[in-house]
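A quick write-up on the structure given underneath.
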Amino acid sequence: GAVVSQHPSRVICKSGTSVKIECRSLDFQATTMFWYRQFPKQSLMLMATSNEGSKATYEQGVEKDKFLINHASLTLSTLTVTSAHPEDSSFYICSANGLAGGPNEQFFGPGTRLTVL
Amino acid sequence: AQSVTQLDSHVSVSEGTPVLLRCNYSSSYSPSLFWYVQHPNKGLQLLLKYTSAATLVKGINGFEAEFKKSETSFHLTKPSAHMSDAAEYFCVVSDTNTGFQKLVFGTGTRLLVSP
């Protein structure tokens, strides 16, 4: 149980285009979802926290107009990278928190590797 | 603010020897602490967690960690390394005082296991 999926697993796009990444909780309702980015050989940095039906809360330094987050249902959150640039190339990971596990437990997706040319 | 420090960026062991990955935490409140493992091109997997119950926490794949408040440490150990243990390990702290907390990740320790 408590499986989180991400789609796509890998995406390559041209500079200036937008890319959407989906995060789904497959077997539980995720009241809160989190988006992280991880640069090569570095740790995970939280980008934003989203609760179903409300606006996401962004961490300091994360541009909310560039990284659009939508949490439209209890099983789906999307991250859209708008007008992507090569410096946005990174590994994006989502996690979900809900009734599965305890209140402090997050279940992580496998990640999406974004490469912007 | 909560934080964790992983003291070693790389740890190399031989197969069959003990593993010790070190982690120190800083927290204003009673912390929840986790160890996650990340294999190449795979998602993070929870190894174990401490949430103010027993100070010695047993996890999956033979790993365990001991919460030592006096030393503000939460080191991860395993008696005998296996080749499949080679991966990146993250020590993580969460603040139980804020409900859904943010998880704050350490910088990671890469475990290398040689035959």
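Labels below follow one simple rule: chain letters A, B, ... track the order of the sequence lines, proteins then strands, and each chain is numbered from 1. The structure displayed is predicted, hence computed values, not measured ones.
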**Q.** Residue part contacting chain A, namely of B/Leu46, when any heavy atom lies under 4.5 Å
**A.**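 The side chain, not the backbone.
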Q.
Measuring from atom CD of A/Gln106 to atom CZ of B/Phe34, what distance do you get when rounded to the nearest 0.5 angstrom?
A.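 Rounded to the nearest 0.5 Å, the CD-CZ separation comes to 7.5 Å.
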Q. When rounded to the nearest 0.5 angstrom, what distance separates CZ in A/Phe108 from CG in B/Leu103?
A.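 Between atom CZ of A/Phe108 and atom CG of B/Leu103 there are 5.5 Å.
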Q: Answer yes or no: is there a donor N or O on one side and an acceptor on the other, between the side chain of A/Ser43 and the main chain of B/Gly106, under 3.5 Å?
A: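 Answer holds: yes.
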ILVMFWY network linking [X] to [Y], side-chain heavy atoms under 4.5 angstrom:
| X | Y | value |
| --- | --- | --- |
| B/Val11 | B/Leu47 | yes |
| A/Phe67 | A/Val116 | yes |
| B/Val13 | B/Leu76 | yes |
| A/Ile69 | A/Leu76 | no |

Q) Among A/Gln38, A/Met45, A/Gln6, who wins on heavy-atom pairs under 4.5 Å with chain B? A)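 Ranked by contacts with chain B, first place is A/Gln38.
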Q. Between A/Glu59, A/Arg113, A/Gln42, A/Arg10, which residue shows the highest count of heavy-atom pairs closer than 4.5 Å to chain B?
A.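 Heavy-atom pairs under 4.5 Å are most numerous for A/Glu59.
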Q: Verify side chain to side chain contact (heavy atoms under 4.5 Å, CB included) between B/Gln38 and A/Ile93, making sure each step is shown before the conclusion.
A: CA-CA 12 Å; B/Gln38 185 180 38; A/Ile93 302 172; 4.0 Å; yes
Q: Decide if atom NZ of A/Lys66 counts as having more than 12 heavy atoms of other residues, nucleotides or ligands within a radius under 6.0 Å.
A: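 Yes - once you tally the heavy atoms of other residues, nucleotides and ligands closer than 6.0 Å, there are more than 12.
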Q. Any chance NE2 of B/His39 has more than 12 other-residue heavy atoms, nucleotides or ligands included, within less than 6.0 Å?
A.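 Counting other residues, nucleotides and ligands, NE2 of B/His39 exceeds 12 neighbours.
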